[in-house]
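Below you'll find the structure, written out as structure tokens, and then a few comments.
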2 protein chains.
Amino acid sequence: MESVAERAGVSRATASRVVNGGAGVRAELREKVRLAVDELGYVPNLAARTLVTRRNGAVAVVVAEPESRLFSDPFFAQHLRGISRELSAADNQMLLLLIEDQRDYDRVGRYLAGGHVDGVLLFSLHHADPMPETARRVGLPFVVGGRPGWPGAESERDLVYVDSDNRGGARLAVQHLRSLGRRRIATITGPLDQTSSLDRLDGYRDLLPDGDPDLIAEGDFTPDGGGRAMAELLARCPDLDAVFAGSDAMASGALKVLREAGRRVPEDVAVVGFDDVESIAAWTDPPLTTVRQDIEEMGRLMARLLLRRLADPTTSATRVAAPTSVITPTHLVIRASA
Amino acid sequence: MESVAERAGVSRATASRVVNGGAGVRAELREKVRLAVDELGYVPNLAARTLVTRRNGAVAVVVAEPESRLFSDPFFAQHLRGISRELSAADNQMLLLLIEDQRDYDRVGRYLAGGHVDGVLLFSLHHADPMPETARRVGLPFVVGGRPGWPGAESERDLVYVDSDNRGGARLAVQHLRSLGRRRIATITGPLDQTSSLDRLDGYRDLLPDGDPDLIAEGDFTPDGGGRAMAELLARCPDLDAVFAGSDAMASGALKVLREAGRRVPEDVAVVGFDDVESIAAWTDPPLTTVRQDIEEMGRLMARLLLRRLADPTTSATRVAAPTSVITPTHLVIRASA
DNA sequence: CTGAAAGCGCTAACAC
DNA sequence: GTGTTAGCGCTTTCAG
């Protein structure tokens, strides 16, 4: 920058002003500086800038997903795409931090504390996940993907999150199955330490308040887990005529087990999934009827919420219209499996 | 750090030494400083450190994949997992930079030039991709995922890359099909502007040098594209009795089209995929026989190669044992489709 | 509207 | 061994 200023015949201060928007600099000089910047191929040193501005132009995305689900369910990638788009539209970088084992919590915690990012996006929170507390401790604004509250989690109350209408979506699914005349409707849930699984189960129960508990089996959001749960259900309730799976991935596993058991889908057993992940739902045999949630849009919303917080440093004092959580709608996509 | 030093009764310099390993400091003082750090909850400011050391402890992963494949093929996620593991084992952060449209090339280029990272991992390079040149221009060491060379790409000659043995893998697939007695073996290729597609096609041709060109159709690595290519092939060569698809995702699309056309797999048409992405290959109907490449390992290798370059600043002058490209092996995984 | 000067928080020679 | 000193490259009051 020294040399840019020199070449343009101005001081470093003026050069700096131009580089950062050029407000309050005579148009003539502004041009001169811009020219010098181009000619010298000057690029500002971010570290130096951060040192004084205390801003990084970067936000961290922390994904705490030790399960193999992360790498078998495109859910995650779609989310990321939404986030990345929104962030880069605002010229912010996305840093992906993966947490795979206990040790990583520390590493990521240190990284966040190190002041390399301006805010944090948190994902796949399981019960009693320490990340929100960590983010709060180091004073970084954050937004959570998926409703984080567990009964009694006092401290989590006023944090901002984005989630889809899991409960409503589940109701849609069961409703549809019922309208098809199905009477023995089973469900395969996700891991019950995640609110999304819980909410979907609640939606199922909303419509089947007196349901047979044997019709409920827990999976883990993987095709494998879905298959295992399906096998359990079949053993317990051979007379079931429909299944609502808590994710498309699990539904695909269930489909396979049903096929192997000689049950025709949808004739003998109707199947509905959840997510509408194109690469799974459209390609199973038969193609999956499922509950659609706009995952990419959820990602965009998370990023937007965080950016708003960053732009407007509303401390807890003068919060007038603090960003608030949002629930995105779900709807049914009918294909061939139900 | 000022206050840490004060509290420990030492100078800032000594405090700094302790924080950075504590070599050459009396054990007694070292303890004192450590204590002060803990008590004050001190965390070093990375920006300041970077400013002077010129090191970030971070490497960028640039994924130039405008196609929707990125978000429908777990290939990518597995790669990332490998990279992330290797990087964090060496206490380096991974920054994910996605390139989706032309505009993004500039944004990412600026970011790299800004000096926020120590090195770059490049992915999914298409023909004449400008990223390697950009990385070279800003002077960042980089490693490429997938063989980048195109005929005549002089400047790309001596860059380091990690790739799997695509050609050998394809040969394995065709070999297997032939050993099953198949005589009309078709292939669905990936986009032919990527070397991985080209190499797999070459492997196919190695074993079928006089093959009927009508038995070759181009897909795009998506299930959809695979389906379209399969339909084409069926129209052109109704007598085909086997298909080698250049990816599991394309194979899944092909399977669907085959099913709809009333062809039984593997009885009428045997199908072999490529990748062995568990979430696809194990869950298709029938489960896919495919060529396995250890994607996560490839990611780890890329990271390791880059880290070695960073650790050992071998300029082009004294290169004794410069890191060199590596090709990982492939092998056949037999399931039910062939 | 522009320039001079004072740091941001840390590390690395260099003396002691 | 340890402290002193000089910056790393940039932004930003504060005068002019």
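None of these values were measured; they are calculated from a predicted model. Scope of the values below: all heavy atoms of this structure, side chains included, with no hydrogens, waters or symmetry mates. To find a chain, count down the sequence lines: A is the first, B the second, and so on, and within it residues start at 1.
- Heavy-atom contacts of chain A under 4.0 Å fall on DNA chain C between two terminal nucleotides, which in 5' to 3' order are C:dC1 to C:dG9.
- In this view, A:Glu6 satisfies the salt bridge (Lys or Arg N to Asp or Glu O under 4.0 Å) rule with no residue, not counting sequence neighbours.
- Every residue meeting the side-chain contact (heavy atoms from CB on, under 4.5 Å) condition with A:Ser88, not counting sequence neighbours, appears here in chain and number order: B:Arg107.
- The main-chain N or O of B:Arg147 is found under 3.5 Å from a side-chain atom of B:Asp163 such that the two form a donor-acceptor pair.
- Evaluation of the ring pair (Phe, Tyr, Trp, His ring centres under 6.0 Å) test over residues 17-60 of chain A, restricted to residues two or more places apart or in two chains, returns none.
- Partners of B:Tyr111 under the ring pair (Phe, Tyr, Trp, His ring centres under 6.0 Å) rule, at least two apart in sequence or in another chain, are B:His116.
- With hydrogens and angles disregarded, no donor-acceptor distance shorter than 3.5 Å links the side chain of A:Asn92 to the backbone of A:Leu87.
- Without hydrogens or angle criteria, A:Thr134 side chain to A:Pro130 main chain gives a donor-acceptor distance under 3.5 Å.
- An angle of 30°, rounded to 10°, separates the two end axes of the helix from C:dC1-D:dG16 to C:dC16-D:dG1, each defined over five pairs.
- With sequence neighbours excluded, the residues satisfying side-chain contact (heavy atoms from CB on, under 4.5 Å) with B:Thr50 are A:Ala47, B:Asn56.
- Between B:Met131 and B:Ile99 there is a side-chain heavy-atom pair separated by less than 4.5 Å.
- Counting any heavy atom pair closer than 4.0 Å across all strands shown, A:Val19 reaches no nucleic acid atom.
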Just the table, please: protein N/O against nucleotides 12-16 of chain D N/O, every pair under 3.5 Å.
none

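- Among residues two or more places apart in sequence or in another chain, the salt bridge (Lys or Arg N to Asp or Glu O under 4.0 Å) test is passed with A:Arg54 by none.
- Applying the salt bridge (Lys or Arg N to Asp or Glu O under 4.0 Å) rule to B:Arg300 yields the partners B:Glu296, B:Glu297; only residues at least two apart in sequence or on another chain are considered.
- One interatomic measurement links the two molecules: CG of B:Asn45 to C1' of D:dC8, which rounds to 13 Å at whole-angstrom precision.
- Of the residues in residues 30-38 of chain A, not one places a heavy atom less than 4.0 Å from an atom of DNA chain C.
- Applying the salt bridge (charged side-chain N to carboxylate O under 4.0 Å, His left out) test to every pair with at least one member in residues 37-50 of chain B, sequence neighbours left out, gives these pairs: B:Arg7-B:Glu39.
- Ranked by how close their nearest DNA chain D nucleotide is to the 5' end, A:Arg49 and B:Val25 are led by B:Val25.
- With rounding to the nearest 0.5 Å, the separation of CG in B:Leu122 from CG in B:Asp129 is 6.5 Å.
- Protein atom CD of B:Glu6 is 15 Å distant from nucleotide atom C1' of D:dG3, rounded to whole Å.
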